[in-house]
Amino acid sequence: MKNNSTKFRSKIRSKQSRVTAAIYCAFTLPALAAAANAYADDALTQPAADAGNAAPAAQTLSSPQAAQPQVTQAPPANKRRAEKGAQIRNDQPDTTNAIVNAEASQVVTPPTPPSSQAASKGFIADSHLNLQFRNTRTTFRRPNTIYRHAWVQGAQVNYESGFTQGLVGFGVDASLFAALKLDGGNGAGNMVHVGKSGGGSQQLAWAYPGMYDIKGRISETVVKYGLQDVTNPFLEPHDNRALPPTFLGVSLVSNDLAHTTLEAGSFTKVDARGHTNLSNLTTSYGGTRIDRLTYLGGTWHYAKNGEMSLYVDQADDVWRQYYGSVSQSFGDPTTIKWSGLANIYSTHDTGASRQGHINSNAYSVSVSAQHGPHGLLLGYQQVLGDQFFDYVNETNGIYLTNSMDVDYNAPHEQSLQLRYTFDGKYAGVPGLKAMLWGAYGWGADASAAAAENAAPGAALHDLYWKNGQPVHGHHHEFGFIPSYTLQSGRFKDTKITFIAMWHNGSAYYSDGNNMEYRLVVNVPVKVF
């Protein structure tokens, strides 16, 4: 009887997978046809100069942290990071995180310049439809313990309406996400589909509404409510899978003040990577539930090549966090361009202190020089406090310079990074970029927090203990990320990125030895 029941459930799952696959094909095949037609039209109608004028749009794409089902206990202490994405200003000396710069510019559909409400052409006339196809092949190994691999084709249909005319304009945004699993299964985690129960890795295909919001605009200020993506030092989608995470809440972005961008928001849920349902926000390392995260801040562009940012956020009953940064560059790459960046996070527990006592500061400073296509950066980072520097799960909310493959965020840890970059634009090979780096961390000492979580059943025991001792020791990593963006032809703006990262940690450091390889092919299509 048990075997018959199992077979029956297997048949049901098989039918469901076939139905989902059919839905996926019905969605993607017409989209691919539209993509081919759009590229053909673009090749005929757009002047070649557009390739040089179009700045990359950076819909956040990318770190290798495995998404966990909703939990209140601490996740494994070998939590990792990797590729990240964020909007990149051409005049910034360096992004706050190099992997943000290297991988997140994968979405290279030319952005639509924002307009003021006074210039609105209307709900339909200013609307846009873009398609995004992303193929990811990932292999992750941890010697003698973990081997994960997956190959997934993701697709997005992103519709963005204009704003109605008048003093106050209104509009909507909506996106349909879909993915087809080409390889991968048990153990692949959020590289493939994750069901509500934590299973689901055998599902062949899945589709769901990835974003939906209503929006209003007055002058240069836009307010949105719904499932959306945002980019700030606390909430930036951790987009290293076939499809990105999105967040449910309200956001405000204002450019009414000259040379200044102001932001505010409040979010309660996340549609995590690999998931098709909403779940609670949690902390990335502590695994603590966050009922609501609220932030406020802004960036002042005080000079052509300089800016300053100040932000504050509150994760109710967990922490209050402050962020500040200053960046400045001088010179020109044809001779030497010098750039500097300094930033800091200050985190303190608040309310019910669900993640215990927190009193920690983490900062980084970097200086870089670029001559022609070659760039060299030296970065230093330090954590001042007895706790890990933590941030919101499913986000890249750590803009510290040395947060590359892993975060270098253990209590009292110091780290140093040397990074080489190549930009083919200055060597007659536009579209070709590469980054090679090495980083070393030392001085980690989690003994104080380990003593507070000494009991094996303590919520943060696995975070502060490793192999029977408090987290301490040293570690190092190497990484290499080359990429190429097609500059013309039918598939203009397609970007191919290869990522290789190796990390080695001592016996009692929180991040263990691992290797990760990823090949990502992004094909963006601007339909209208």
Side-chain angles (χ1 to χ4, degrees), residues 63 79 81 84 86 92-101 232-236 283-286 295-300 302 306-315 319-329 338-350 355 357-368 377-392 395-419 437-446 448-449 471-472 474-477 509-511:
S63 249
K79 189 83 164 165
R81 286 200 53 85
K84 306 180 204 115
Q92 275 190 315
D94 264 296
T95 61
T96 48
N97 184 287
I99 299 186
V100 170
N101 197 1
N232 60 65
F234 310 120
L235 273 184
E236 178 186 299
T283 63
S284 188
Y285 281 78
Y295 64 87
L296 173 68
T299 299
W300 172 41
Y302 61 83
E307 63 180 42
M308 177 185 296
S309 295
L310 291 173
Y311 283 83
V312 60
D313 84 331
Q314 177 163 303
W319 69 51
R320 181 173 294 142
Q321 200 167 60
Y322 304 88
Y323 172 80
S325 71
V326 177
S327 63
Q328 179 67 59
S329 65
W338 293 96
S339 302
L341 171 67
N343 50 24
I344 184 171
Y345 286 90
S346 183
T347 311
H348 310 273
D349 62 278
T350 187
Q355 194 160 298
H357 173 66
I358 303 174
N359 183 21
S360 177
N361 297 315
Y363 72 92
S364 67
V365 293
S366 66
V367 61
S368 64
L377 176 143
L378 183 65
Y380 174 78
Q381 181 174 309
Q382 185 176 16
V383 176
L384 302 172
D386 293 329
Q387 300 83 34
F388 273 82
F389 169 72
D390 207 349
Y391 49 93
V392 181
T395 78
N396 297 315
I398 175 170
Y399 277 9
L400 300 176
T401 298
N402 289 354
S403 174
M404 300 291 287
D405 181 10
V406 298
D407 285 326
Y408 298 88
N409 63 333
H412 304 287
E413 181 171 9
Q414 301 177 68
S415 59
L416 198 64
Q417 179 192 170
L418 184 63
R419 181 194 312 162
W437 76 92
Y440 179 76
W442 72 94
D445 179 8
V471 167
H472 67 277
H474 56 85
H475 60 132
H476 62 271
E477 69 176 68
Y509 189 77
S510 54
D511 293 285

Decide whether Ser284 and Asp390 meet the rule of one side-chain donor and one side-chain acceptor closer than 3.5 Å.
no
4.5 Å side-chain heavy-atom contact, Trp437 and Leu377:
no
What one should report as the nearest heavy-atom pair of Ser339 and Ser329 is OG-CB, 3.4 Å
Just verifying a value: how many Å separate Gln355 CD and Thr350 OG1, rounded to the nearest 0.5 Å?
13.0 Å
Using a 4.5 Å cut-off on heavy atoms from C-beta on, say whether the side chain of Tyr285 contacts that of Phe389.
no
Is a donor from one side chain sitting under 3.5 angstrom from an acceptor on the other, for Gln328 and Tyr302?
yes
Restricting to non-hydrogen atoms, name the atom on Leu310 and the atom on Gly324 that form the minimum distance, rounded to 0.1 Å.
CD2-CA, 4.1 Å
If you compare all heavy atoms of Thr401 against all heavy atoms of Gln417, which two are closest, and at what distance to 0.1 Å?
O-NE2, 3.3 Å
Can you tell me how far apart OH (Tyr391) and OG1 (Thr283) are? Round to the nearest 0.5 Å.
10.5 Å
How long is the straight-line distance from OG of Ser366 back to CG of Leu378, given to the nearest 0.5 Å?
8.5 Å
From OH (Tyr440) to OG (Ser415), nearest 0.5 Å:
11.0 Å
Less than 4.5 Å apart, any side-chain heavy atom of Pro233 and any of Tyr295?
no
In this structure, are over 12 heavy atoms from other groups packed under 6.0 Å from Trp300 atom CH2?
no
Do Tyr322 and Ile344 come close enough that some side-chain heavy atom pair is under 4.5 Å?
no
Would you indicate whether the side-chain heavy atoms of Asp349 and Trp319 approach each other to under 4.5 Å?
no
Can you confirm whether Pro411 sits close enough to Asp445 that some side-chain heavy atom of one is under 4.5 Å from a side-chain heavy atom of the other?
no
Please confirm whether the backbone N or O of Asn359 pairs with a side-chain atom of Gln387, one donor and one acceptor, at under 3.5 Å?
yes
Of all residues at least two apart in sequence or in a different chain, which pass the ring-ring contact (aromatic ring centres under 6.0 Å, His included) check with Tyr509?
His475
Looking only at heavy atoms, the pair that brings Phe234 and Val312 closest together is CE1-C, 3.6 Å
Min side-chain heavy-atom separation Tyr311-Thr299 under 4.5 Å:
yes
What one should report as the nearest heavy-atom pair of Ser364 and Leu400 is OG-CA, 3.7 Å
Closest non-hydrogen contact found for Asp386 with His412 is OD1-NE2, 2.7 Å
Can you confirm whether Asp313 sits close enough to Asn232 that some side-chain heavy atom of one is under 4.5 Å from a side-chain heavy atom of the other?
no
Atom pair CZ (Arg419) and CG (Asn402), whose distance is rounded to the nearest 0.5 Å
8.0 Å
Please check if any side-chain donor atom of Tyr408 sits under 3.5 Å from a side-chain acceptor atom of Glu477, or the reverse.
yes
